[in-house]
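Letters go in sequence order (proteins before strands), and every chain restarts at 1. Computation of the quantities below employed the complete heavy-atom set of this structure, encompassing side-chain atoms and omitting hydrogens, waters and symmetry-equivalent molecules. Quick caveat, the model's predicted, so the values are computed rather than measured.
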Amino acid sequence: MPELPEVETVRRGLESVLVDARFDRVEQRRADLRFPFPERFPERLTGQRVISLGRRAKYLLAALESGEVLIMHLGMSGRFIIARAGANVKNPGEFLHRAGQQDRHDHVIFTMSNGATITYNDARRFGFMLLTAGNELQAHKLMRNLGVEPLSEDFSPDYLAARCGAKKTSLKAALLDQRIIAGLGNIYVCEALFRARLSPRREASSLALGSGAASMRARRLVPKIKSVLEDAIAAGGSTLKDFHAPEGELGYFQHSFAVYGREGLECARPGCGGVVKRIVQGGRSSFYCPRCQR
DNA sequence: AAGAACTCCTGTTGGC
DNA sequence: TGCCAACAGGAGTTCT
């Protein structure tokens with residue numbers, strides 16, 4: 001479900017109820033999600049104050065007073081639901097009608113010292129929560145091979161061209177590879193490629209071809225990746241199926257999709273006149289306009 | 001050793 | 001209406 005913009009939206013929502021608060025109570029309602037929960041998970045959190053809540057790729061990282069870091073990943077369907085102290089009743093939609101109720105997919109419930117209740121719900125259970133020592137975080141198996149943050153200065157045309165230079169795989173697959181760019185997912189890769197007018201079918205190495213260390217194509221693509229992510233974060237992410245920020249707000253970037261989910265519709269580029277096509281790459285849908293994306 | 005296929009799990013949707 | 005297949009925002013593991 002969530003790609004970088006959605007995870008960042010969740011991070012911002014959780015920050016205000018998590019940081020500086022302590023875990024008063026942790027209810028772990030099953031033994032595992034994608035992975036087993038850590039040993040003595042509730043005990044290791046209870047009483048701990050949260051120092052900060054960060055994000056790396058699609059991971060949320062809560063630094064604890066104990067020195068441990070709580071690593072959380074939402075998988076495809078994971079979400080957090082916040083109920084603040086004094087139960088505000090003005091949240092819309094599903095959030096309202098399920099207030100006070102339990103869902104069979106509510107797997108973890110945090111009760112914080114500020115009175116907030118934070119519920120982790122995940123139907124497909126591809127998400128997970130792990131604990132690791134803060135000083136071992138960088139070397140953690142899940143962290144050590146991650147590529148650059150796409151919104152950082154380090155993500156440049158030179159970097160992208162260098163990392164794609166010898167890749168035989170498709171450009172689509174390369175952009176989804178978290179070892180190259182950390183945090184991109186299927187939607188935003190499709191949208192960035194559309195904005196850059198590049199075909200997802202193009203060989204990744206072709207990004208490095210052309211004049212200079214970074215080709216024209218890499219120079220064109222990198223700013224589009226950044227802008228599509230920035231635009232999506234500004235919109236609070238994309239709401240497909242049921243994504244919403246932790247306090248119930250819906251993201252609205254899905255209204256700005258140019259190609260994702262638009263198979264058979266006319267290309268959004270003025271004057272193009274092409275028709276959006278869906279192909280399958282690596283078992284996942286790619287949407288693009290064969291006419292203007294080359 | 002890169003790249004593709006398979007896997008986890010549940011829910012929703014579209015076609016008949 | 002029901003039934004069934006296809007598909008869904010991820011990514012670690014296993015194969016070739």
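Criterion: ILVMFWY side-chain heavy atoms under 4.5 Å apart, direct or through other members. Under it, A/F253 and A/V189 are part of a common hydrophobic cluster.
Backbone-only engagement by A/L142 is indicated by non-hydrogen atom pairs under 4.0 Å involving sugar-phosphate atoms exclusively. If you check every strand for non-hydrogen atoms under 4.0 Å, A/G185 touches sugar and phosphate atoms only. Nucleic acid contact for A/Y59: sugar-phosphate only, since backbone atoms but no base atoms lie under 4.0 Å from a heavy atom of the residue.
For DNA chain B, the residues of residues 125-138 of chain A within the heavy-atom distance limit of 4.0 Å (strictly under) are A/R125, A/F126, sorted by number.
A sub-4.0 Å separation between OP1 or OP2 of C/dG9 and a side-chain N or O of A/S238 is absent. Residue A/S77 places none of its side-chain N or O atoms closer than 4.0 Å to OP1 or OP2 of C/dG9. Close to C/dA11, at under 4.0 Å from its OP1 or OP2, lies a side-chain N or O of A/K58. Here A/R179 does not reach the OP1 or OP2 of B/dA1: none of its side-chain N or O atoms lies under 4.0 Å away.
Checking C/dG9, B/dG11, B/dA4 against every side-chain atom of A/I187, the shortest atom distance belongs to C/dG9. Relative to the side chain of A/R278, the nucleotides C/dG9, B/dG3, C/dC7 differ in distance, and C/dC7 lies closest. The side chain of A/E6 sits closest to C/dG9 out of C/dG9, B/dA4, C/dA8. Distances from the side chain of A/Y260 to the nucleotides B/dT10, C/dA8, B/dG3 place C/dA8 closest. Checking C/dA11, C/dT13, C/dG10 against the side-chain heavy atoms of A/R284 singles out C/dG10 as nearest. Set against C/dG10, C/dG12, B/dG11, the side chain of A/H73 has C/dG10 as its closest nucleotide. Picking from B/dG3, B/dG11, B/dC9 the nucleotide with the shortest atom distance to the side chain of A/H105 gives B/dG11. Taking only side-chain atoms of A/M76, from C-beta outward, the nucleotide of B/dT10, C/dA11, C/dA8 with the closest atom is C/dA8.
The CD-P distance, from A/E203 to B/dA2, rounds to 15 Å in whole Å. The separation between A/R201 atom CZ and B/dA4 atom P is 14 Å, rounded to whole Å. Rounded to whole angstrom, the span from the CG atom of A/L175 across to the P atom of C/dA11 amounts to 14 Å. Atom-to-atom, CD1 of A/I180 to C1' of C/dG10 comes out at 16 Å; the value is rounded to the nearest Å. One interatomic measurement links the two molecules: CG of A/L33 to C1' of C/dA11, which rounds to 15 Å at whole-angstrom precision. Counting to the nearest Å, the C1' atom of C/dG10 and the CD atom of A/Q178 are 8 Å from each other. One can place CE of A/M143 at 10 Å from P of C/dA11, the figure rounded to the nearest angstrom. Between A/Q281 atom CD and C/dC7 atom P there is a gap of 15 Å when expressed in whole angstrom units.
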Candidate pair A/S16 and A/R84, rule side-chain hydrogen bond (donor to acceptor under 3.5 Å, both in side chains), full reasoning: CA-CA 10 Å; A/S16 61; A/R84 285 181 187 266; 2.9 Å; yes
Verdict with supporting geometry, A/D24 and A/S113, side-chain hydrogen bond (donor to acceptor under 3.5 Å, both in side chains): CA-CA 5 Å; A/D24 272 358; A/S113 56; 4.8 Å; no
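Separating the CD1 atom in A/I82 from the CD atom in A/E247 is a distance of 4.5 Å, to the nearest 0.5 Å.
Annotation: C/dC7 and B/dA5 have their P atoms spaced 15 Å apart (nearest Å). Using P as the reference atom, B/dT12 and C/dA11 are 23 Å apart when rounded to the nearest Å. Atom name P, nucleotides B/dG11 and C/dG12: the rounded distance is 24 Å, in whole Å.
Classification of A/D32 and A/R30 as a salt-bridged pair holds, one side-chain N sitting under 4.0 Å from a carboxylate O. In summary, A/E191 and A/R195 do not engage in a salt bridge, as defined by a charged side-chain N under 4.0 Å from a carboxylate O. Ion pairing between A/E8 and A/R11 holds under the 4.0 Å rule for side-chain N and carboxylate O. With salt bridges taken as basic N to acidic carboxylate O contacts below 4.0 Å, one links A/R56 and A/E149.
Note: A/Y59 and A/F128 have tilted aromatic rings, judged against thresholds of 30 and 60 degrees for the angle between ring planes.
Heavy-atom minimum distance, A/Y188 versus A/V228: O-CG1, 4.1 Å.
Helical stems involving DNA chain C, defined as 3 or more consecutive Watson-Crick or G-U pairs under 3.5 Å, span B:2-8 with C:10-16, B:10-16 with C:2-8.
A/F155 meets the ring-ring contact (aromatic ring centres under 6.0 Å, His included) test with no other residue; sequence neighbours excluded.
Heavy-atom nearest nucleotides on DNA chain B were determined for A/R104 and for A/R34, and the one closer to the 5' end corresponds to A/R34. Residue order along DNA chain B, read from the 5' end via each residue's closest nucleotide, puts A/K167 first among A/R124 and A/K167.
Counting heavy atoms from C-beta on, the side chains of A/R269 and A/R197 come closer than 4.5 Å.
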